[in-house]
Participant: 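Structure incoming, see below.
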4 protein chains.
Amino acid sequence: MEVSKDKQETLLKTALRLFVERGFYGTPTSLISKEAGVATGTLFFYFKTKEDLIDTLYRQVKAEAAEAMCRGLDNEPDAKAKLLLLGRNAVAWGTEHHEKMKFMEFFAHSPFVSTTAQKEGMSRFLFMQDLIEEGIREGTIRDIDTGLLIFMMASSFSGLIARVAAAGSESERETIIGQGLDFVWNGLAADNDKEQNNSKRSKGKT
Amino acid sequence: MEVSKDKQETLLKTALRLFVERGFYGTPTSLISKEAGVATGTLFFYFKTKEDLIDTLYRQVKAEAAEAMCRGLDNEPDAKAKLLLLGRNAVAWGTEHHEKMKFMEFFAHSPFVSTTAQKEGMSRFLFMQDLIEEGIREGTIRDIDTGLLIFMMASSFSGLIARVAAAGSESERETIIGQGLDFVWNGLAADNDKEQNNSKRSKGKT
Amino acid sequence: MEVSKDKQETLLKTALRLFVERGFYGTPTSLISKEAGVATGTLFFYFKTKEDLIDTLYRQVKAEAAEAMCRGLDNEPDAKAKLLLLGRNAVAWGTEHHEKMKFMEFFAHSPFVSTTAQKEGMSRFLFMQDLIEEGIREGTIRDIDTGLLIFMMASSFSGLIARVAAAGSESERETIIGQGLDFVWNGLAADNDKEQNNSKRSKGKT
Amino acid sequence: MEVSKDKQETLLKTALRLFVERGFYGTPTSLISKEAGVATGTLFFYFKTKEDLIDTLYRQVKAEAAEAMCRGLDNEPDAKAKLLLLGRNAVAWGTEHHEKMKFMEFFAHSPFVSTTAQKEGMSRFLFMQDLIEEGIREGTIRDIDTGLLIFMMASSFSGLIARVAAAGSESERETIIGQGLDFVWNGLAADNDKEQNNSKRSKGKT
DNA sequence: TATGAATGAGGCTTCATTCAT
DNA sequence: TATGAATGAAGCCTCATTCAT
């Protein structure tokens with residue numbers, strides 16, 4: 001029942017919500033059309049098949065997420081600063097765009113999304129690898145298997161976002177983000193670079 | 001096409017594989033029956049509905065996983081030792097029972113599994129919370145939001161298992177496990193308890 | 001195999017025939033579709049469920065029957081004339097629309113038809129009660145339990161229709177109708193109002 | 001869950017109840033077995049098929065009904081007395097054996113019961129025809145189409161039983177029976193044989 | 001561009017019946 | 001006689017997709 005000058009956009013927005021709420025197979029195209037306020041046939045004018053719809057959605061969301069997460073990274077001086085900003089970006093975007101976050105997690109490894117879209121999606125997050133490698137060169141990140149570090153970092157962020165989403169107040173949220181980033185950095189950091197606190201308001205603490 | 005004296009068991013085993021390969025809605029009950037080598041009606045003799053089947057499966061797998069992960073924990077002296085053993089148990093079980101691991105991750109938050117089964121599954125992992133709290137009392141684990149620590153720990157293990165599963169050789173695997181456990185422990189540990197290496201072969205290192 | 005501009009109408013007509021021939025459960029929706037010359041899905045486009053189909057049919061037939069039976073009643077001078085016309089209407093409609101008649105009898109008390117449809121159907125025959133009460137006020141119908149009179153009248157008409165339907169010639173039919181209406185009227189009439197013959201061709205008799 | 005030394009008898013009794021409550025197709029054989037307290041296979045030991053079960057039941061009930069209805073008829077002096085007794089027998093049996101009555105009505109013209117069983121059932125009611133013919137010979141019953149008279153009589157009894165079953169008190173019941181039998185007799189009787197009241201307690205009235 | 005009636009393959013589930021024990 | 005696990009045909013219904021308008 002949305003009103004929008006662009007029906008395609010409305011369809012994508014509606015599909016995102018429904019896919020997250022009910023899953024891929026749990027969401028009939030007829031329902032998407034109805035909730036988007038268009039006829040059943042219209043969906044198939046814009047998207048060849050249902051899979052084409054989710055594929056398009058996946059690419060779009062993944063691109064938006066990557067864009068949001070690496071925003072401002074180039075202005076940071078070193079790997080640690082970059083990583084902390086990346087973390088904050090990730091948490092901010094993940095909590096603000098809850099549906100898109102869930103959508104990405106749901107369909108990251110699902111067979112509904114085409115392999116090419118999966119690959120395209122992954123490629124947008126290669127900057128994470130660059131960041132890790134930069135830290136290793138700097139000597140601030142442990143010189144161990146980079147694949148492991150990326151996996152651990154990504155999954156930790158994912159856990160952090162989930163926890164933050166469940167937080168009650170804004171201040172609790174801030175505390176948890178700081179603690180979570182500590183966790184990640186301490187996991188990544190070379191010996192002499194560990195610290196205990198990266199939360200904003202506690203800067204200067206021992 | 002399996003041969004087993006117990007048809008119910010065969011159905012569960014077959015369903016596990018297919019659900020992981022193809023998802024819940026992507027797996028027709030007729031396919032499960034066929035691959036299990038029984039008639040279509042037989043599935044519904046043992047399980048009232050398709051949801052009953054996945055529910056039973058979920059409870060079973062979750063119970064098995066919990067049992068495997070907390071094995072031997074009581075013999076360890078302190079929280080750190082327990083956590084490291086837990087990590088090794090988790091990685092061992094997760095890589096050995098790859099399908100079951102994926103199954104748990106897939107259906108942990110999915111609407112196909114009944115809420116009661118979800119709760120029952122979660123309850124089996126409460127020992128993780130106990131472990132964290134024990135460490136905090138000991139002073140070896142940081143005294144911060146336990147919910148966060150549990151989320152971070154669990155998601156980190158999940159990332160670690162994924163990376164280990166992709167490893168080539170047995171020795172590479174061992175190295176990565178040690179490094180991954182370092183990551184987790186350094187994330188959890190209080191300041192004075194951090195170390196750099198928990199991999200088996202490096203015991204005795206500083 | 002019917003040809004009609006309206007598929008919904010064709011489905012209803014086909015379903016009526018098949019339900020009478022084979023009963024509700026004896027008639028697969030697939031057969032209705034096939035005989036109606038439409039795809040299986042089309043039936044469910046027009047009717048949400050099989051029960052919705054029979055429900056719609058029931059309402060429609062019941063309404064048509066009631067309408068046919070009370071046709072012209074208001075032009076008759078007294079209860080007796082009305083009742084005889086009602087009887088002739090009933091027999092005429094019942095023999096002409098044999099299938100619809102059987103359908104009504106079959107499904108009047110069956111659980112396939114929703115309670116609301118049953119009630120709606122019944123409400124259309126309340127004019128019978130009015131008629132009986134009018135006769136009682138006039139003094140031409142025995143002043144006894146009206147519920148009984150309605151039941152007896154209705155079941156007698158039903159028996160009459162069945163007998164007439166089995167009749168061979170048109171003239172035999174006419175004779176039987178007259179005799180049957182005598183039966184009913186003599187059953188209903190107050191003492192001084194009985195007569196022996198209400199058949200058309202005997203008009204003018206005492 | 002009945003206990004009976006004869007399982008076949010228990011199955012028949014259970015099936016009668018369930019068929020009336022839920023119809024033929026609405027009653028799975030598995031339910032009959034369960035409610036009768038026997039295994040699924042046992043039903044098929046006693047009855048070759050489900051249709052064989054209902055067929056047996058139909059014959060049995062029909063025979064019992066006919067036997068009950070013509071009881072004592074031979075001791076009555078004339079057709080009218082016989083008919084009134086028949087009516088009372090019918091009402092008595094029909095209200096006392098409500099389930100069996102409904103069963104007979106439900107399955108009288110249904111395709112579940114074999115044609116031979118239908119015929120056998122009908123043949124047991126031929127005494128009605130004899131009774132009508134006797135009355136015609138006597139001159140007490142109108143000399144018109146006997147088929148019509150039988151149909152009208154039978155359907156009237158059916159209506160009467162339905163009304164009596166809905167009656168509240170025993171005395172109301174008695175009144176209605178008397179009035180109903182009046183209706184029937186007045187419908188059947190030759191001119192000079194009509195009367196107004198056949199209810200027991202009003203004998204001797206004008 | 002947009003519509004929505006129409007399609008028909010395919011999914012889940014039921015249930016009469018069999019048969020080894 | 002009696003059991004109940006096992007069978008598989010068949011039923012109701014959903015839904016992605018098409019196409020005439």
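These values consider heavy atoms only, across backbone and side chains, with no hydrogens, waters or symmetry-generated copies.
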Participant: Round to the nearest Å and state the distance from C:F45 atom CZ to E:dG8 atom C1'.
Facilitator: 15 Å
Participant: For nucleotides 13-19 of chain F, just jot down a letter per nucleotide in 5' to 3' order: B, S or -, based on protein non-hydrogen atoms under 4.0 Å.
Facilitator: BBSBBB-
Participant: Taking atom P in both E:dT1 and F:dT21, compute the distance separating them and give it to the nearest angstrom.
Facilitator: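 Pairwise P distance, E:dT1 against F:dT21, rounds to 23 Å.
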Participant: In whole Å, what is the span from the CG atom of D:L11 to the P atom of F:dT1?
Facilitator: 14 Å
Participant: Looking at E:dT21, which nucleotide sits across from it as a Watson-Crick or G-U wobble partner, both distances under 3.5 angstrom, or is there none?
Facilitator: F:dA2
Participant: Salt bridge or not for D:R124 and D:E120, using N-O below 4.0 Å?
Facilitator: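 Yes, charged N to carboxylate O under 4.0 Å.
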Participant: Without decimals, in angstroms, what is the distance between A:K34 NZ and E:dT3 P?
Facilitator: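 Roughly 15 Å, once rounded to whole Å.
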Participant: Side chain of D:Q118, backbone of D:P111: donor and acceptor closer than 3.5 Å?
Facilitator: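 No, because the side chain of D:Q118 does not come within donor-acceptor range (under 3.5 Å) of the backbone of D:P111.
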Participant: Does the ring centre of A:F24 sit less than 6.0 Å away from the ring centre of A:F112?
Facilitator: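 Between A:F112 and A:F24, the centre distance is under 6.0 Å.
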Participant: Tell me the interatomic distance from D:L18, atom CG, to E:dC15, atom P, rounded to whole angstroms.
Facilitator: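 After rounding, the gap between these two atoms is 13 Å.
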Participant: Quick one: B:K7 NZ to E:dA20 P, roughly how many Å, whole number?
Facilitator: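 Result: 13 Å.
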Participant: Do the rings of C:F107 and C:F103 sit parallel, tilted or perpendicular, given the 30° and 60° boundaries?
Facilitator: tilted
Participant: Specify the closest pair of heavy atoms between D:A36 and D:T10, including all atoms of both residues, with the distance to one decimal.
Facilitator: O-CG2, 3.8 Å
Participant: Which of the following nucleotides, E:dA5, F:dT1, E:dG4, is nearest to the side chain of A:A39?
Facilitator: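 My answer, after comparing the listed nucleotides, is E:dG4.
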Participant: Taking D:T27's backbone N and O only, do any of them form a donor-acceptor pair with D:K50's side chain (distance below 3.5 Å, no angle check)?
Facilitator: yes
Participant: Round to the nearest Å and state the distance from B:L43 atom CG to E:dT14 atom C1'.
Facilitator: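 B:L43 atom CG is separated from E:dT14 atom C1' by 13 Å.
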Participant: From CZ of D:F112 over to P of E:dC15, roughly how many Å is that when rounded to an integer?
Facilitator: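 In whole Å, E:dC15 P lies 14 Å from D:F112 CZ.
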Participant: Quick one: closest heavy-atom pair of A:R22 and A:P28, and the distance?
Facilitator: NH2-CD, 4.4 Å
Participant: Roughly how many Å is it from CZ in C:F47 to P in F:dC12, rounded to a whole number?
Facilitator: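 For the pair C:F47 CZ and F:dC12 P, the rounded distance is 15 Å.
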